[in-house]
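Some notes on the structure that comes next.
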Amino acid sequence: MEGSRPRRGSPARVSTVPIAVTPEGFWCCPSPAALHKSLKNPHHHHAGGGGNKQAPPHHKTPSAPPSKAPSVQTAPSVTDEPRQQDQAAAEAPAPAGGQQEPQHKICVGFGRPETSDLTVMLYGKEGIAVRMGVHRDVLCQSSAFFAARLAGGHGPPAPCVEIHDCDDAEIYVETVGLMYCDEAKHRLLKQSVPRVLRIMKVAEVLGFHGCVKSCLEYLEAVPWVGEEEDNVVASIRHLQSKDYGVSPLLRRISSENLNSPGDTLANIMEMVLTSTDDRGRREMKALVLNLLKDSSHCTDGSSDICSETLYSSCRGCLDRLHRLFTEASEEDYSVNVTRRITLETDNLLWLVEILVTQRICDGFVVMWSSQTELAELHPKLTAASRYTVSCITARLFVGIGRGEMLPSKNTRLSLLQVWLQPLIDDYSWLQCSCRSFDRKLVEDGIGQTILTLPLEDQRSMLLSWFGRFLKLGDNCPNLQRAFEVWWRRTFVRPYVNEAEADDFL
């Protein structure tokens, strides 16, 4: 925003654009699209032969006090001083090429023209100029900017205030119109959040503090949709140091008395893990998993809080699963135990998926590979009761094969020694009863896990598998690809390396 200075240019082409007036006496400026349309169609608002066409009936000036109600004036009533315009046009330098591009001027009148004692000129983009006939007392009472510009000095009061390089002339006009309203907040009803943010920005520049407060009250009361929340917060952050009262808005997204994020997450996890409704548990698991996946980039200790909460939930599930296995290993266990085992294994699979998305699953591989007592109880249960537990082992092998988790060599070896045989025992049930079971993916993960071990451990694991596959066939994981790699490492590569060494010597 710049100070008053003479602005020279080519002859102005005046277009009268109607300003919509509501029954309450509030007006709104045309949108930029309407402004440009008027400029492209100069005869749209003028009758033939140079006569002026009156505004439509719904644009008529409502009956109101002179300083409160806006009106739309035709070009002659507000475009006075034609001689000054002609003189300015004569003194203006001609642009390159010898042609002058006409400056577009949109005429807007406030109240009754006979009461207007001040002209405000807005010079916006693309040569648009808006000339407003306004009232000095209204603007000075509402705006610190206009009060400072119009402060009485030694000379006569300035008849015109110019605002140059105006990025949002439409909103400037509407903000000046709000200075004529007793309750600006009520005039903002049915406005969109982005538009109110634009009005608040201009009101702050003009020192229109009442309008800024009204905009804040509006923003505090309406919902924010999509990206509006980020835009609102970015627009009001800098107002915290000023006496505008932005705390009610910021309390929508933050609170000093908010419970610890770790406690809140633990409460959410507990409610999901203890739910007994299948559909509700399934949908909330998907919701929480997606939300944690989206927020996995958070830093500043958030991952530590999440890790502690998740591993606490994992330990609780493992403890319950161990008790259920002990109960199911007895002869007179109830059928309900099988359902509870399935529920706990489903909970653990969900927790594993969350740990994978958070890239903190290595610790769970350690926990699972150390469940020797659980693995010892495994053969004592019927296959129908226990096979879902092998889904956890299969998921860990897939994760290691994909590089989603990076457990140590001893942990990988322990996982194979403790849980590979139970997985083989349940393999036929997994293929027939588990919808999410992907045989090729699991077999590739097992093979890749074995091939990450030292060569002697590879030999022990793969020879043991070789004998089981000969007995079980399709009821055993097919690790032929891993066996071929181990074979080349054992029987082919040493001789190739020896031959290359001989050639080098």
Tell me every residue that passes side-chain contact (heavy atoms from CB on, under 4.5 Å) with [X], counting only those two or more places apart in sequence or in another chain.
X	value
D319	R323
T345	L321, I341, T388, V389, I392
S370	none
L343	R281, N347

Gap separating the CD atom of Q191 from the CZ atom of R198, nearest 0.5 angstrom: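 It is 10.0 Å, given to the nearest 0.5 Å.
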When rounded to the nearest 0.5 angstrom, what distance separates SG in C215 from CD in E220?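 Rounded to the nearest 0.5 Å, the SG-CD separation comes to 13.5 Å.
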Going by ring-ring contact (aromatic ring centres under 6.0 Å, His included), name the pairs with one or both residues in residues 191-216, residues two or more places apart or in two chains.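 Residue pairs with at least one partner in residues 191-216: H209-Y244.
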Got a sec, which pairs hit ring-ring contact (aromatic ring centres under 6.0 Å, His included) with one end in residues 214-233, sequence neighbours left out?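 Found none.
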Tell me, please, which residues at least two apart from [X] pass side chain to side chain donor-acceptor pair (under 3.5 Å).
X	answer
Q141	none
R339	D278
S408	T411
T449	none

For E229, salt bridge (charged side-chain N to carboxylate O under 4.0 Å, His left out) partners two or more places apart: none
N/O donor-acceptor pair under 3.5 Å between [X] side chain and [Y] backbone:
X	Y	answer
S143	L206	yes
S390	T393	no
Q358	L292	yes
D362	L406	yes
S414	S369	yes
R412	T452	yes

Here the salt bridge (Lys or Arg N to Asp or Glu O under 4.0 Å) pairs for residues 399-408, sequence neighbours left out, are R395-E404, R402-E404
